[in-house]
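Take a look at the structure set out below.
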Amino acid sequence: MRHFHIADECAPLRHVVMGRGAGYHRDGARVEVVNETHRHTLARYGHPTEAQVVAEFTTFRTALEGAGVTVHIPDLAPETVQDQTCPRDIGFVIGDTFVTAAMRNASRTQEIRGLDRLLASFTGPRLSVPSGITLEGGDVIIAGPDIFVGVGQRSDPEGAAFLRREFGDIYSIHPVPTRPLSQGEDVLHLDCAFQPLGLGHALIYPAGLDTIPAAMRTHFDWIEVTRDEAAALSTNVLSLAPDHLIARDHPACARVNAALREAGYRVEELPFDAVPSTGGSFRCATLPLARG
Ligand SMILES: NC(=[NH2+])NCCC[C@H](N)C(=O)O
């Protein structure tokens, strides 16, 4: 039997759920526009097509499997769900426990059904975020003894309080309020503005964060990204191992990717434009179930 296990975001990746392209927007009438990036893309270019999403995920899958990672694809979720590209948000593993998230948007609440069969094939405790709270996996970042929890567009302060109740005896839980749209910052999830890396660095867009916990300053060497680089989701890389990551091959991410190489990482750049045009990149498009 397989076990859930994530003690650190950057430990060698073993089992991961990757987003699903097939079935993307299969019923256009049910598509919900869920964030500012998505709204903007739709107005300028229309939605990405299923074929584009499938092609980019195929390349991504090949890279993951090439690195020895076992890739799982969600089953097709019920009709209310028209986008299964970002499994990161629908659940997360802390230690040996799988936590089912609680989604802000109606069109994503049933997305977890696509994982029912897969999750049943893993052992380990299961928890759900209690009703009345929203907490999405893009806002939950585990770095050794610290768990950083975004509070903003998609997750409530009560989400961080819930994690402190459940895991506070083992981890330090740090709520991280992100700057709101009303202050001109568009941080959909914490992982769009902050991500710890395996060699002691963190990618960070400081202006997107309203309060920066001391642990974020003292536990990492920062690699700062600009507003445009944050908008291109340059922070949203996926660690395959402490010194190996997948990043977006895009002009707006080129400086950051070069800085990562300079800092000692092996950076695999892949084309990934469809999912980022609706608000997510490689971290969002994956839900690690086992690392290390
Ligand atoms: N972890 C993330 N940053 N996820 C991005 C999610 C994007 C997705 N289209 C949504 O708005 O729900």
Side-chain angles (χ1 to χ4, degrees), residues 8-11 13 16 18-19 35-37 40-41 56-57 59-60 63-64 67 85-86 88 137-143 146 148 150 152-153 176 178-179 184-210 212-213 215-286 288:
D8 194 280
E9 288 271 325
C10 310
L13 185 58
V16 72
M18 191 187 81
N35 63 55
E36 292 308 303
T37 305
H40 184 253
T41 297
E56 291 181 3
F57 272 130
T59 307
F60 184 21
L64 289 169
T85 61
C86 292
R88 174 67 62 170
D139 281 313
V140 180
I141 297 182
I142 306 181
D146 298 305
F148 298 98
Q153 292 189 29
V176 187
T178 55
R179 288 232 166 90
E185 295 295 345
D186 182 13
V187 180
L188 182 61
H189 291 99
L190 181 59
D191 64 12
C192 301
F194 173 75
Q195 181 157 202
L197 302 172
L199 302 180
H201 306 87
L203 287 164
I204 185 165
Y205 172 55
L209 306 179
D210 193 55
I212 297 183
M216 246 185 206
R217 293 188 188 279
T218 55
H219 294 189
F220 309 97
D221 284 338
W222 286 7
I223 299 176
E224 292 192 35
V225 314
T226 66
R227 184 192 180 90
D228 287 346
E229 289 165 342
L233 292 162
S234 62
T235 62
N236 207 265
V237 299
L238 177 71
S239 288
L240 302 187
D243 60 350
H244 182 192
L245 50 88
I246 292 189
R248 190 177 176 202
D249 181 2
H250 187 276
C253 300
R255 185 200 66 88
V256 175
N257 293 345
L260 290 169
R261 289 198 176 96
E262 186 66 24
Y265 297 89
R266 174 171 158 219
V267 181
E268 259 180 273
E269 290 179 299
L270 300 181
F272 208 54
D273 296 322
V275 177
S277 78
T278 65
S281 192
F282 292 113
R283 186 180 191 273
C284 316
T286 48

Restricting to side chain to side chain donor-acceptor pair (under 3.5 Å), what partner residues turn up for N257, sequence neighbours left out?
E269

Quick one: list whatever passes side chain to side chain donor-acceptor pair (under 3.5 Å) with T37, sequence neighbours left out.
none

Which residue pairs pass the salt bridge (charged side-chain N to carboxylate O under 4.0 Å, His left out) test with at least one member in residues 233-254, sequence neighbours excluded?
R248-D273

How long is the straight-line distance from CZ of R266 back to CG of L260, given to the nearest 0.5 Å?
14.0 Å

In short, G279 meets L188 closest at the heavy-atom pair O-CD2, 3.9 Å

Taken in chain and number order and not counting sequence neighbours, the residues that satisfy ring-ring contact (aromatic ring centres under 6.0 Å, His included) with F282 are F60, F272

Rounded distance (nearest 0.5 Å) linking atom CG of D228 with atom OH of Y205:
8.5 Å

Q153: side chain to side chain donor-acceptor pair (under 3.5 Å) partners, not counting sequence neighbours
D186

Indicate yes or no for a side-chain donor-acceptor contact from R88 to the backbone of T286 under 3.5 Å, with no hydrogens or angles considered.
yes

Can you run down the salt bridge (charged side-chain N to carboxylate O under 4.0 Å, His left out) pairs that involve residues 199-208, sequence neighbours left out, and say none if there aren't any?
none

Which residues share a salt bridge (Lys or Arg N to Asp or Glu O under 4.0 Å) with E36, sequence neighbours left out
R39

For the atom pair CG (L64) and CG (L240), what is the distance rounded to the nearest 0.5 Å?
6.0 Å

Work out which heavy atom in R255 is nearest to a heavy atom in V225; give both atom names and the distance.
NH2-CA, 4.0 Å

Tightest non-hydrogen contact, residues E9 and I142, listed as CG-O, 2.7 Å

Nearest-0.5 Å distance that lies between atom OG1 in T59 and atom CG in L270
7.0 Å

What do you reckon, is NE2 of H201 surrounded by more than 12 foreign heavy atoms closer than 6.0 Å?
yes

The salt bridge (Lys or Arg N to Asp or Glu O under 4.0 Å) partners of D210 (sequence neighbours excluded) come to R179

Residue pair G200 / Y265: nearest heavy atoms and the distance that separates them
N-OH, 4.0 Å

Heavy-atom side-chain contact between V275 and C86 under 4.5 Å:
yes

Would you check, one step at a time, whether the test side chain to side chain contact (heavy atoms under 4.5 Å, CB included) holds for L190 with L209?
CA-CA 8 Å; L190 181 59; L209 306 179; 3.8 Å; yes

Exercise answer: donor-acceptor pairs, residues 191-199 side-chain atoms, under 3.5 Å, sequence neighbours excluded:
unit_1, atom_1, unit_2, atom_2, d
D191, OD1, N236, ND2, 3.2
D191, OD2, R283, NH1, 2.8
Q195, NE2, T235, O, 2.8
Q195, NE2, V237, O, 2.8

Testing the basics here: between G152 and T178, what is the closest heavy-atom pair and its distance to 0.1 Å?
CA-OG1, 3.5 Å

Counting C-beta onward and ignoring hydrogens, is there a side-chain heavy-atom pair between L238 and L13 closer than 4.5 Å?
yes

Only counting residues at least two apart or in another chain, list the ones meeting side chain to side chain donor-acceptor pair (under 3.5 Å) with T226.
E229

Who pairs with H250 by ring-ring contact (aromatic ring centres under 6.0 Å, His included), at least two apart in sequence or on another chain?
none

For a quick test of reading the model, state the closest non-hydrogen atom pair linking S277 to A274 and the distance between them.
OG-O, 2.7 Å

With R227, which residues qualify under salt bridge (Lys or Arg N to Asp or Glu O under 4.0 Å), at least two apart?
E185

